Chemist: 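Submitted below is the structure of interest, expressed as structure tokens.
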Amino acid sequence: MAEQFSAATYFMVILFIYVSHLMSTLGKPKSWINFLPPNLQTLHLANKLRDDPVAIKLASTDFGNIVREIPAAVLYPSSINDIECLIKFAHTTSSAPFNIAARGQGHSVRGQAMARNGVVVDMTSLKNQKNGYGIKVSGSPSMGWFADVGGEQLWVDVLHATLEHGLTPVSWTDYLYLTVGGTLSNAGISGQTFRYGPQISNVYEMDVITGLGDFVTCSREKNMELFFAVLGGLGQFGIIVRARIALETAPKRVKWVRMLYNDFSEFTRDQERLISNNGLKQNNALDYLEGLLLLNQGPPDNWRSSFFPLSDHAKIISLVTKYGIVYCLEIAKFYDDHTLISMEEELQVLFEGLNFIPGYAFEKDVSYVDFLNRVRSGELKLQSQGLWDVPHPWSNLFVPKSRISDFNSGVFKDIVLKRNITTGPVLVYPMNRSKWDDRMSAVIPEEDVFYAIGFLHSSGFNDREALDAQNKDILKFCYDSGIEVKQYLPNYKTMEEWKNLHFGTIKWRTFEDRKNQFDPKMILSPGQRIFTKVKLAKII
Ligand code: FAD
């Protein structure tokens, strides 16, 4: 009897809990309704919007681990139409439009893909559900080979898919787990840029959903204003849902060489000489050129790539100890079975007259995929040690060639070396302005040759301030000394700074006109803090 009673009671209690949970779920308004228009619920999208802690946490953090902006909800689109529908709703139906930010991988470092109280569109959802464009390789007599690629796709997947056809894109980033839409919204630079231009120079066509909610196909010939606006456009004009990327025949292997210098002017003279051979079909041109500082940070390798033979570490470390800073020139030449001999002859010619320290040239021979994906193993190692998801107070600058020597003495020698707090790689490599297109939104210095400088710092959660201060002091030194630097992956706090320090009057006018044309209600990518008057983001 007692047993029967308890079973019935148990059943009743379970039923009560279930019904009350159901009622509370049904009756409870979604918390995003506090911020977004309630009639958004009438759209079919409502059940693709999530505001649970998992979704909100992901969309309110990024690789930088510095800024946190809480969105009202995250859209997990299952088709491009969902994105179109959301933006159109925000633009037309709503009297108080809310912000929308596409999020690729959230590899930004200052909250650029976040949207406070708005909607973050998780682009990877299109990839997972395979309802986006995917990656399709085709060719035409006028364009040659190309790949039509969803904006949500990762470059590493583009690499593997195109290699199946013996083809490859020509312009890369150092790290391949970035989205096509995310890098095209900035520029996409690496050691190929001096010759092939940034990734934005290698796009034939795009499908974009503008801030008006319109689906527009654009290219140099068709809707060119939107095409140029979006490339390097920091997500301000539309969401890229497809890009047509130029392809070439893929090489198989890579001769990868690093040479060390203690004299900065010899180092930059050699870099500049090597990038002056930059014709697309020119045989004696390199395929990749970068450079980095070796500082007294322990082993000469870092997470960005493991390169130096272990047996040479002691010799390199003692060189760094002697000079404080050693400059490392990094080059690569791609080849396959047919071009092996000519590649070696061409490298030989290129090396003649280079002024690196005798005995300090190191080379490796690796597969094309291993070369392009060289940062991944470092990432996995850091992840396994819990050191990947730490704050990253990065600063990336473009410095005009005419002032690079002043930058070396004022920044590398006077700030970086003296403070001795720099953690992580510091990149230094030149590129040619002629490979960029000034009609695009990306901003670069005026000179024919300029340097990309990347301070790729990591820090602990409590000791970021010194690196932030160093980044600030470097910018201040440049402004005070009249060095016209431009930030890459820029981060400014006011519209005045964007206008005066970044774009300059003429380019700003174009940028602003395009914003008024393609996103007049200032809906898109508020995390860039260009048009939206958001209060300073919460700093973690
Ligand atoms: P997100 O950070 O998600 O987004 C960046 C911006 O673009 C946001 O404003 C977002 O709203 C917008 N956006 C995202 N998707 C779209 C879309 N489909 N349409 C329109 N707007 C969109 N950059 C280089 O150029 N070269 C490098 O070698 C390089 N190496 C890197 C290495 C590492 C380890 C990391 C973390 C970053 C590196 N980056 C490099 C920077 C990288 O290019 C940026 O982080 C870029 O934003 C791409 O990241 P993402 O795809 O995660 O974009």
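Values in this document were obtained by computation on a predicted structure and should not be read as measured data. FYI, side chains are in, hydrogens and waters are out, and symmetry mates aren't considered; it's all heavy atoms of this structure. Counting starts at 1 for both ligands and their atoms, in listed order.
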Chemist: Pull out every atom of ligand 1 sitting under 4.0 Å from any heavy atom of M123, numbered as shown with elements.
Modeler: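 Those of ligand 1 that fall under 4.0 Å from M123 are 18 (N).
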Chemist: Please state which protein non-hydrogen atom is closest to atom 14 (C) of ligand 1 and give its distance, to 0.1 Å?
Modeler: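 Atom 14 (C) of ligand 1 sits closest to the protein heavy atom A102 O, 3.7 Å.
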Chemist: Go through it in stages, so that I can follow the logic: the residues are E205 and R242, the test is salt bridge (Lys or Arg N to Asp or Glu O under 4.0 Å), and I'd like the CA-CA distance, side-chain angles, deciding distance and then a yes or no.
Modeler: CA-CA 8 Å; E205 186 181 277; R242 177 185 64 95; 2.5 Å; yes
Chemist: When W256 is tested against each of F334, F307, Y368 for ring pair (Phe, Tyr, Trp, His ring centres under 6.0 Å), which residue passes?
Modeler: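 Single ring pair (Phe, Tyr, Trp, His ring centres under 6.0 Å) partner of W256 among F334, F307, Y368: F307.
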Chemist: Can you find an N or O of G235 that's nearer than 3.5 Å to an N or O of ligand 1?
Modeler: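 Checking ligand 1 against G235, no N or O pair falls under 3.5 Å apart.
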Chemist: Can you spot which of H107, R68, M114 makes a side-chain contact (heavy atoms from CB on, under 4.5 Å) with D62?
Modeler: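 When side-chain contact (heavy atoms from CB on, under 4.5 Å) is applied between D62 and each of H107, R68, M114, only M114 qualifies.
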Chemist: What is the closest protein heavy atom to atom 26 (N) of ligand 1, and at what distance does it sit?
Modeler: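 Going by distance alone, atom 26 (N) of ligand 1 is nearest to I189 O, 2.8 Å.
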Chemist: Start with the C-alpha distance between T183 and Q199, add both sets of side-chain angles, then the distance that settles side-chain hydrogen bond (donor to acceptor under 3.5 Å, both in side chains), and finish with yes or no.
Modeler: CA-CA 8 Å; T183 69; Q199 291 180 323; 2.7 Å; yes
Chemist: Where is the nearest protein heavy atom to atom 24 (C) of ligand 1: which residue, which atom, and how far?
Modeler: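 Of the protein heavy atoms, T173 CG2, 3.4 Å lies nearest.
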Chemist: With a cutoff of 4.0 Å, is S525 in contact with ligand 1, counting heavy atoms of the residue only?
Modeler: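 True for this residue.
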Chemist: Taking heavy atoms and a distance under 4.0 Å, where does E379 meet ligand 1: side chain, backbone, both or neither?
Modeler: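 It is neither; nothing of E379 touches ligand 1.
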Chemist: Tell me the contacting part of W172 for ligand 1: side chain, backbone, both, or neither, using a 4.0 Å heavy-atom threshold, strictly below.
Modeler: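 Within the 4.0 Å criterion, W172 makes no contact with ligand 1.
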Chemist: With heavy atoms of L178 as the reference, note each atom of ligand 1 found under 4.0 Å away.
Modeler: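 Those of ligand 1 that fall under 4.0 Å from L178 are 37 (C), 38 (C), 39 (N), 40 (C), 42 (C), 43 (O), 49 (O), 51 (O).
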Chemist: Give the atoms of ligand 1, by number and element, whose distance to some non-hydrogen atom of G106 is under 4.0 Å.
Modeler: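 Listed by number with element, the hits are 1 (P), 2 (O), 3 (O), 52 (O).
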Chemist: Would you mind telling me if ligand 1 is within reach of the side chain of F237, the backbone, both or neither, using heavy atoms under 4.0 Å?
Modeler: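 It is neither part, as no heavy atom is under 4.0 Å.
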Chemist: Consider salt bridge (Lys or Arg N to Asp or Glu O under 4.0 Å). Of R514, K515, R220, R439, which one does E225 pass it with?
Modeler: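 For E225, the salt bridge (Lys or Arg N to Asp or Glu O under 4.0 Å) check succeeds only for R514.
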Chemist: Enumerate the atoms of ligand 1 whose separation from the nearest heavy atom of R103 is less than 4.0 angstrom.
Modeler: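 Within the 4.0 Å cut-off of R103, ligand 1 contributes 3 (O).
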Chemist: Heavy-atom contacts with S108 under 4.0 Å: which atoms of ligand 1 show up? List them by number with element.
Modeler: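 Those atoms are 1 (P), 2 (O), 4 (O), 5 (C), 45 (O), 47 (O).
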Chemist: Is ligand 1 under 4.0 Å from a heavy atom in the side chain of Q528, in the backbone, in both, or in neither?
Modeler: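 Near ligand 1, Q528 shows its side chain, while the N, CA, C and O stay back.
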Chemist: Of Y288, W172, W155, which meets side-chain contact (heavy atoms from CB on, under 4.5 Å) against L372?
Modeler: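 Of the listed residues Y288, W172, W155, the side-chain contact (heavy atoms from CB on, under 4.5 Å) partner of L372 is W172.
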Chemist: Closest non-hydrogen protein atom to atom 51 (O) of ligand 1, residue and atom name please, with distance?
Modeler: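 The closest one turns out to be T179 OG1, 2.6 Å.
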Chemist: Could you work out, for atom 20 (C) of ligand 1, the closest of G188, G238, G111 by heavy-atom distance?
Modeler: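 Of the listed residues, G238 has the closest heavy atom.
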Chemist: Got a sec: does the NZ of K57 have more than 12 other heavy atoms crowding it under 6.0 Å?
Modeler: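 Atom NZ in K57 is not crowded, with 12 or fewer foreign heavy atoms closer than 6.0 Å.
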Chemist: Around atom 8 (C) of ligand 1, find the nearest protein heavy atom and jot down its residue, atom name and distance.
Modeler: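 The answer is Q112 O, 3.3 Å.
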Chemist: Looking only at protein heavy atoms, identify the closest one to atom 7 (O) of ligand 1 and say how far it is in Å.
Modeler: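 Here the closest protein heavy atom is S185 CB, 3.7 Å.
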Chemist: Hey, are N373 and Y175 close enough side-chain-wise for a donor-acceptor pair under 3.5 Å?
Modeler: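 Per modelled atom types, Y175 and N373 side chains form no pair under 3.5 Å.
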Chemist: Walk me through whether Y177 and E379 qualify under side-chain hydrogen bond (donor to acceptor under 3.5 Å, both in side chains).
Modeler: CA-CA 10 Å; Y177 290 73; E379 176 197 350; over 6 Å; no
Chemist: Just to confirm my output: which protein heavy-atom neighbour is closest to atom 28 (O) of ligand 1, and how far is it?
Modeler: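 Of the protein heavy atoms, D174 N, 2.7 Å lies nearest.
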Chemist: Would you mind finding which of Y488, Y175, W388, F63 brings a heavy atom closest to atom 33 (C) of ligand 1?
Modeler: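 Among Y488, Y175, W388, F63, the closest heavy atom to atom 33 (C) of ligand 1 belongs to Y175.
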Chemist: Among S171, A452, G182, which residue places a heavy atom closest to atom 53 (O) of ligand 1?
Modeler: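 Selected option, by shortest heavy-atom distance: G182.
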Chemist: Using the ring pair (Phe, Tyr, Trp, His ring centres under 6.0 Å) rule, pick out the option among F518, F237, W508 that qualifies with F531.
Modeler: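 That would be W508; it is the only one of F518, F237, W508 passing the ring pair (Phe, Tyr, Trp, His ring centres under 6.0 Å) with F531.
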Chemist: Show which atoms of ligand 1 fall inside a sub-4.0 Å distance from at least one heavy-atom site of Q105.
Modeler: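 With Q105 as reference, the close atoms of ligand 1 come out as 3 (O), 50 (P), 51 (O), 52 (O).
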Chemist: Measure the distance from atom 18 (N) of ligand 1 to every protein heavy atom, then report the residue, atom name and distance (to 0.1 Å) of the closest one.
Modeler: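 Of every protein heavy atom, I240 O, 3.0 Å lies nearest to atom 18 (N) of ligand 1.
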Chemist: Do E512 and K499 touch side chain to side chain, with heavy atoms closer than 4.5 Å?
Modeler: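 Result no, sub-4.5 Å side-chain heavy-atom pair not found.
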Chemist: Determine which pairs satisfy salt bridge (charged side-chain N to carboxylate O under 4.0 Å, His left out) with at least one residue from residues 75-86, sequence neighbours left out, and list them in order.
Modeler: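 Found K48-D82.
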Chemist: How does N186 reach ligand 1, if at all, at less than 4.0 Å between non-hydrogen atoms: by side chain, backbone, both, or neither?
Modeler: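 Within the 4.0 Å criterion, N186 contacts ligand 1 through side-chain atoms alone.
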Chemist: Which of these passes side-chain contact (heavy atoms from CB on, under 4.5 Å) with V485: V399, V411, L501?
Modeler: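 When V399, V411, L501 are each tested with V485, the side-chain contact (heavy atoms from CB on, under 4.5 Å) holds only for V399.
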Chemist: Any non-hydrogen atom of Y177 lying under 4.0 Å from ligand 1?
Modeler: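 Y177 does not count as a contact of ligand 1 under the 4.0 Å cut-off.
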Chemist: In Å, rounded to the nearest 0.5 Å, how long is the span from CZ of F398 to CD of Q487?
Modeler: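 That separation rounds to 11.0 Å.
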Chemist: Is there a heavy atom in A187 that sits closer than 4.0 Å to ligand 1?
Modeler: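 Heavy atoms of A187 never come under 4.0 Å of ligand 1.
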Chemist: Looking only at the side chains, is there a donor atom on one of Q105 and T124 sitting less than 3.5 Å from an acceptor on the other?
Modeler: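 Not at all, the side chains of Q105 and T124 share no donor-acceptor pair under 3.5 Å.
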